[in-house]
Amino acid sequence: QQLQLRSKPRLDYRILATSRGGYHLLDYVGAGLRVDAVYEAGGRINSFMLYTPDGAVILSADTVVALDGVILGKPRDRAGARDMLTALSGRSHHVLTGVTVLRDGRAETGCEETEVFFRTLLPGEIEAYLATGEPMDKAGAYGIQGLAGLFVPRISGDYYNVMGLPLCRTAQMLRRAGIPLLEADA
C-alpha cells in the first residue's frame with residue numbers, strides 16, 4: 001500500500017518490501033486477531049531496523065481478513081478464492097490492520113478493526129468476479145476498492161483500513177513521530 005505523499009516534496013521516502021510472507025499463527029480468535037496483525041506489522045519493522053539512518057521513520061502495516069475468528073489469507077488458487085467468497089457471502093467479517101511507526105528507536109503500534117458486510121452473492125457473480133483475476137492477490141479473496149465493492153452494502157469502521165492502510169490512524173501516528181502530513185499539523 002502506498003501512502004500518497006508525492007505531492008509533498010519535502011518528504012523524502014522509499015517504499016521497501018520485506019520477504020516475509022504468510023502467517024505464523026492462524027487460529028487466533030477474538031482479540032487475538034489484533035495480536036496477529038500487530039505481530040506481522042512489528043515483525044516487518046524489525047527487519048529494517050539495522051539499515052535505517054538516524055531520524056528516518058519506518059512505517060509498517062499488515063492486514064488480515066477474519067471470518068468467525070479464522071484468518072483468510074490470499075487464495076492459493078481459483079477454488080480457494082471461490083470457497084472464501086462463498087463463505088463471506090451474506091455475512092459480516094472483520095478486517096484488522098496492525099500498524100507500526102518507528103523513529104529513533106521508539107515504536108508506536110496500533111490496530112484498526114473494521115466490520116465489513118457482504119450481501120448474498122449469486123454463484124454466477126462469484127464466477128464472474130473470479131474471471132477478472134482480481135481476487136487472487138488479496139487477503140479474503142477480494143478488494144473493496146475494486147469490483148468487490150459491488151458486494152459490500154456497508155461497513156462499520158475505516159474504509160481505508162479495508163484497503164490495507166488506515167489513513168486516519170496512520171496520520172496520527174506519523175504526526176506523533178514528528179511527520180505531519182498537513183501543514184496545519186506542523
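- Residues A81 and P75 approach most closely at N-CB, 3.5 Å, considering heavy atoms.
- At a threshold of 4.5 Å between non-hydrogen side-chain atoms, the residues T97 and D62 do not count as touching.
- To the nearest 0.5 Å, atom CG of residue N161 and atom CD1 of residue I155 are 8.5 Å apart.
- Side chain of R103 to main chain of A177: a donor-acceptor pair is present (N/O by atom type, distance under 3.5 Å, no hydrogens or angles).
- Shown here for L88 and F118, the closest heavy-atom pair between the two residues is O-CB, 3.3 Å.
- A salt bridge is absent between R154 and E115: the closest approach of a Lys/Arg side-chain nitrogen to an acidic carboxylate oxygen does not fall below 4.0 angstrom.
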Q: Start with the C-alpha gap between Y159 and Q145, add the side-chain angles, then the distance that decides, and say whether side-chain contact (heavy atoms from CB on, under 4.5 Å) holds.
A: CA-CA 9 Å; Y159 173 81; Q145 71 276 20; 3.8 Å; yes
Q.
Does E108 form a side-chain contact (heavy atoms from CB on, under 4.5 Å) with R176? I'd like the steps, not just the answer.
A. CA-CA 9 Å; E108 179 182 353; R176 286 191 290 272; 2.6 Å; yes
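- With H93 as the fixed residue, the ring pair (Phe, Tyr, Trp, His ring centres under 6.0 Å) test singles out one of F151, Y142, F117: Y142.
- Separating the CG atom in L165 from the CG atom in L167 is a distance of 5.5 Å, to the nearest 0.5 Å.
- Although no hydrogens or angles enter the test, the distance criterion places a donor-acceptor pair under 3.5 Å between the side chain of S89 and the main chain of L121.
- Applying the side-chain hydrogen bond (donor to acceptor under 3.5 Å, both in side chains) rule to pairs touching residues 128-141 yields Y129-E134, sequence neighbours excluded.
- Of the charged side-chain nitrogens involved, at least one lies within less than 4.0 Å of a carboxylate oxygen, so that R82 and E127 count as a salt-bridged pair.
- Here I179 contributes atom CD1 and M173 contributes atom CE; the two are 13.0 Å apart, rounded to the nearest 0.5 Å.
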Q: List the steps and the verdict of side-chain contact (heavy atoms from CB on, under 4.5 Å) for T109 and V99.
A: CA-CA 6 Å; T109 298; V99 180; over 6 Å; no
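- Within the 4.5 Å cutoff, side-chain heavy atoms of L130 are placed close to those of P135.
- V95 and L150 fall within the same hydrophobic cluster, where Ile, Leu, Val, Met, Phe, Trp and Tyr residues are linked whenever their side-chain heavy atoms come under 4.5 Å apart, directly or through other members.
- The side-chain contact (heavy atoms from CB on, under 4.5 Å) search around R91 returns L67, D68, not counting sequence neighbours.
- Side chain of Q172 to main chain of R169: no donor-acceptor pair is present (N/O by atom type, distance under 3.5 Å, no hydrogens or angles).
- Counting only distance, with no hydrogens or angles, the side chain of T114 and the backbone of D158 share a donor-acceptor pair below 3.5 Å.
- Between M163 and I144, the shortest heavy-atom distance links the atoms CG-CG2, 3.9 Å.
- Between T63 and L96 the shortest side-chain heavy-atom distance does not fall below 4.5 Å.
- Note that CD of E113 and NE2 of H94 are 5.5 Å apart. Values are rounded to the nearest 0.5 Å.
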Q. Stepwise, does the side-chain contact (heavy atoms from CB on, under 4.5 Å) test hold for V65 with I71?
A. CA-CA 6 Å; V65 174; I71 293 173; over 6 Å; no
